[in-house]
Structures are given as C-alpha cells and as structure tokens.
Amino acid sequence: MGNHSVIVLDFETSGLSPSLGDRVIEVGAVRLEGGRIVERFQGLMNPGFRVSSFIEGYTGISNAMLAEAPPAAEVMRRFAGFIGETPLVAHNASFDRRFLDAELERLRLARSQEMACSMLVARRVYPDAPGHSLEALVRHKRLPTDGVHHRALADAEMTGHLWLRMIADLQAEYRLNAVPFALLQRLSKVSKAAAPAWLRQAATP
DNA sequence: TGCCAGGCCCTCTTTAGGGCCTT
C-alpha cells in the first residue's frame, strides 16, 4: 500500500437514488499499484428488502442470493476498512459517491479521501470515442474483460484497466514522467474544451 | 395522491431543454 495506491470501486444497487431509499446490494473493488491490480474486494449484501425484477435481470443478482448474503452494514463496515484513506475511482463517480456516502452515514462513518471519475476523465482523454459508457470504452480500447457486465467486481476490474490505460496513453501522448491521481482528478474538473491546452501546460517542464 | 436522481455537456444557451451515464 504505497503512496501511489488507488482503489477502483463499483456498486450494484437496488435503483438509482439513495435519497429515494435505494441501497447497495453488491460491492466490487480493485486496488491498483505499480500499473496493475494487486488486490480485490467483492461482497454481496442483503439490503433488507426485495429488489425489483428489473434489478434481478439487469445484474443477475436474485432475491434468493441476497437473502443468503450478510447484512449490508456488515459488508460495508468491512469495505470501509478495505478502502481506508486510499484515493477512490469509479465510472460515473457521482453515482457511486452518493451510495458510498449514504451507506457510510448509516454506519456513522464518513469518507475522508478524494474520489475521481473515470467517465469524466475518459471524455477528455478520448473525446472522439463512440461512447463513454464503461462497455463502450472497454470495446473501443479493447481492454481486458471476461465478458461479464453489471456485476460489481467485473465492472471494477474493467474500470481499473481503463484507468491504467488512460494513464499510459497520457504518459505517451504528453511525454509525462508520471500521471498521479491528483492530475487526473484536476483534469476531470477542467472544461472539456480547455482540456487539451491544460494537458499541454501540465506536460511543460 | 402522485410525483420524486443528479451531474455533466452541448446547443437553436444563461429567462432552457435534452442526451449521456450510473442501477
């Protein structure tokens, strides 16, 4: 767990909004270090109610599977220990951030680290990609995949490979020695139009 | 009762609307 550790996470949930009562039903995460995946975390969790048939079909996670899973509080407490204060990444992070903070709040815990968005970064690094969904980017960049989609660990692994690929492509294109988390976090907040000039400036020694 | 996500980004924009992206 060195200074350059990053954790890429993905949640499957019962719906789109924690403010409407939706809960996390599965968490998947990978730790990236030295340009590769060095650790994994996966857990199904019981939200305490039945999820819709849409969610069962979308994720392949059935109510029978959730009924046998440990309570969300137990799994999320373990996950909070796993992530510690390591910087976080997610695809469309505003979605996962809302759920993470809502689940931590239930445990009387709070997130302390920054959370970056691979989708906002991808829109700036690959502006001409046919789409910026995780699936479209995996196909476009021919990233490693086992073909599973909409399961937490599989999506976290694909997002991890996307994150590593964007770092490598930026290093090559702008001749950067390193692309730290903080640079990508700042890039995601630069306007799309200003991003190329901003990157050239960032690359100037 | 019926309705309810939310942020980014583009454009025929800013006194707005709609697609993308996440489940």
Side-chain angles (χ1 to χ4, degrees), chain A residues 7-30 41-66 69 72 75-76 79 83 88-106 111 114-141 143 145 148-163 165-166 184-199:
Chain A
I7 288 175
V8 183
L9 68 88
D10 182 73
F11 291 135
E12 303 308 312
T13 71
S14 65
L16 289 173
S17 175
S19 67
L20 297 182
D22 289 316
R23 298 292 303 274
V24 172
I25 60 173
E26 188 184 39
V27 55
V30 296
F41 185 104
Q42 185 274 336
L44 281 171
M45 63 194 90
N46 189 340
F49 56 84
R50 293 179 61 83
V51 300
S52 69
S53 57
F54 171 82
I55 291 298
E56 286 187 309
Y58 186 81
T59 64
I61 298 168
S62 68
N63 280 295
M65 293 162 67
L66 294 176
V75 179
M76 286 304 303
F79 185 61
I83 64 177
L88 302 174
V89 172
H91 202 69
N92 196 9
S94 70
F95 176 86
D96 295 274
R97 183 193 302 115
R98 281 193 297 277
F99 278 96
L100 176 60
D101 290 348
E103 295 292 344
L104 290 177
E105 167 76 28
R106 289 172 177 270
R111 175 177 54 89
E114 293 290 303
M115 191 160 172
C117 177
S118 57
M119 185 187 74
L120 294 181
V121 173
R123 283 176 174 170
R124 288 155 178 78
V125 178
Y126 308 127
D128 299 324
H132 297 88
S133 69
L134 182 56
E135 195 167 359
L137 288 164
V138 165
R139 197 162 45 237
H140 181 59
K141 304 308 292 184
L143 299 173
T145 174
V148 176
H149 291 275
H150 308 307
R151 284 302 297 266
L153 183 56
D155 284 4
E157 295 212 20
M158 289 186 287
T159 304
H161 288 300
L162 170 63
W163 194 253
R165 178 63 177 274
M166 291 195 293
L184 292 176
Q185 172 78 327
R186 288 200 300 276
L187 172 61
S188 73
K189 298 178 181 186
V190 175
S191 78
K192 262 194 81 175
W198 186 90
L199 277 167

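This structure is a prediction, so every number in the text was calculated from the model and none was measured. Residue numbers begin at 1 in each chain, while the letters A, B, ... track the order of the sequences. Just so it is clear, the values below take in all heavy atoms, side chains as well, and ignore hydrogens, waters and symmetry mates.
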Quiz item: Which is the 5'-most and which the 3'-most nucleotide of DNA chain B that has an atom under 4.0 Å from a heavy atom of chain A?
Solution: dC4(B) to dT23(B)

Self-check item: Nearest-Å distance once atom C1' is located in both dT13(B) and dC8(B)
Solution: 15 Å

Quiz item: Hey, does Phe99(A) reach any base, or is it just sugar-phosphate, or nothing, if we go heavy atoms under 4.0 Å?
Solution: nothing

Practice problem: Determine the interatomic distance between C1' on dT23(B) and the same-named atom on dA5(B); round to the nearest Å. | Solution: 11 Å

Exercise. Determine whether Asp10(A) and Asp96(A) make a side-chain contact, defined as any pair of heavy atoms from C-beta on separated by less than 4.5 Å.
Key: yes

Practice problem: Evaluate side chain to side chain contact (heavy atoms under 4.5 Å, CB included) for Arg97(A) paired with Arg111(A), printing each intermediate quantity in order. | Solution: CA-CA 9 Å; Arg97(A) 183 193 302 115; Arg111(A) 175 177 54 89; 3.5 Å; yes

Exercise. Remember a base hit wins even if backbone is also touched, and classify Asp96(A) as base, sugar-phosphate or nothing at under 4.0 Å, heavy atoms.
Key: nothing

Exercise. On DNA chain B, check which nucleotide each of Arg98(A) and Ile55(A) is closest to and give me the residue with the more 5' one.
Key: Arg98(A)

Exercise. Check whether any side-chain heavy atom of Phe99(A) sits under 4.5 Å from a side-chain heavy atom of Asp22(A), and report yes or no.
Key: yes

Quiz item: Going by an N to O cut-off under 4.0 Å, is there a salt bridge joining Arg151(A) and Glu12(A)?
Solution: no

Quiz item: Mind checking the C1' distance from dG17(B) to dC12(B)? Whole angstroms is fine.
Solution: 11 Å

Exercise. Identify, residue by residue, the members of residues 119-129 of chain A with a heavy atom below 4.0 Å from DNA chain B, and return them in order of residue number, or none.
Key: Met119(A), Leu120(A), Arg123(A), Arg124(A)

Quiz item: Do Glu103(A) and Phe79(A) come close enough that some side-chain heavy atom pair is under 4.5 Å?
Solution: no

Practice problem: Answer whether the closest heavy-atom distance between the side chains of Asp155(A) and Met158(A) falls below 4.5 Å. | Solution: yes

Quiz item: Which pair of non-hydrogen atoms, one from Lys141(A) and one from Arg165(A), has the smallest distance, and what is that distance?
Solution: O-NH1, 3.1 Å

Practice problem: Decide yes or no for Leu100(A) and Leu88(A): does some side-chain heavy atom of the first lie under 4.5 Å from some side-chain heavy atom of the second? | Solution: yes

Self-check item: Contact residues, residues 15-27 of chain A to DNA chain B [heavy atom, < 4.0 Å]
Solution: Gly15(A), Leu16(A), Ser17(A), Ser19(A), Leu20(A)

Practice problem: From the options Thr59(A), Leu44(A), Asn46(A), select the one residue that forms a side-chain contact (heavy atoms from CB on, under 4.5 Å) with Met65(A). | Solution: Leu44(A)

Exercise. Quote, to the nearest angstrom, the C1' distance that separates dT14(B) from dC10(B).
Key: 13 Å

Exercise. Report the relative orientation of the aromatic rings in Phe54(A) and Tyr58(A); use parallel for angles under 30°, tilted for 30 to 60°, perpendicular for over 60°.
Key: parallel

Exercise. Could you tell me whether Ser14(A) contacts a base, only the sugar-phosphate backbone, or nothing, with contacts defined as non-hydrogen atoms closer than 4.0 Å?
Key: nothing

Exercise. Would you confirm whether His150(A), through its side chain, and Ile55(A), through its main-chain N or O, come within 3.5 Å as a donor-acceptor pair?
Key: no

Exercise. Could you work out the separation of dG19(B) and dG2(B) based on their P atoms and round it to a whole Å?
Key: 27 Å

Quiz item: When the P atoms of dG18(B) and dC4(B) are considered, how many whole Å apart are they?
Solution: 15 Å

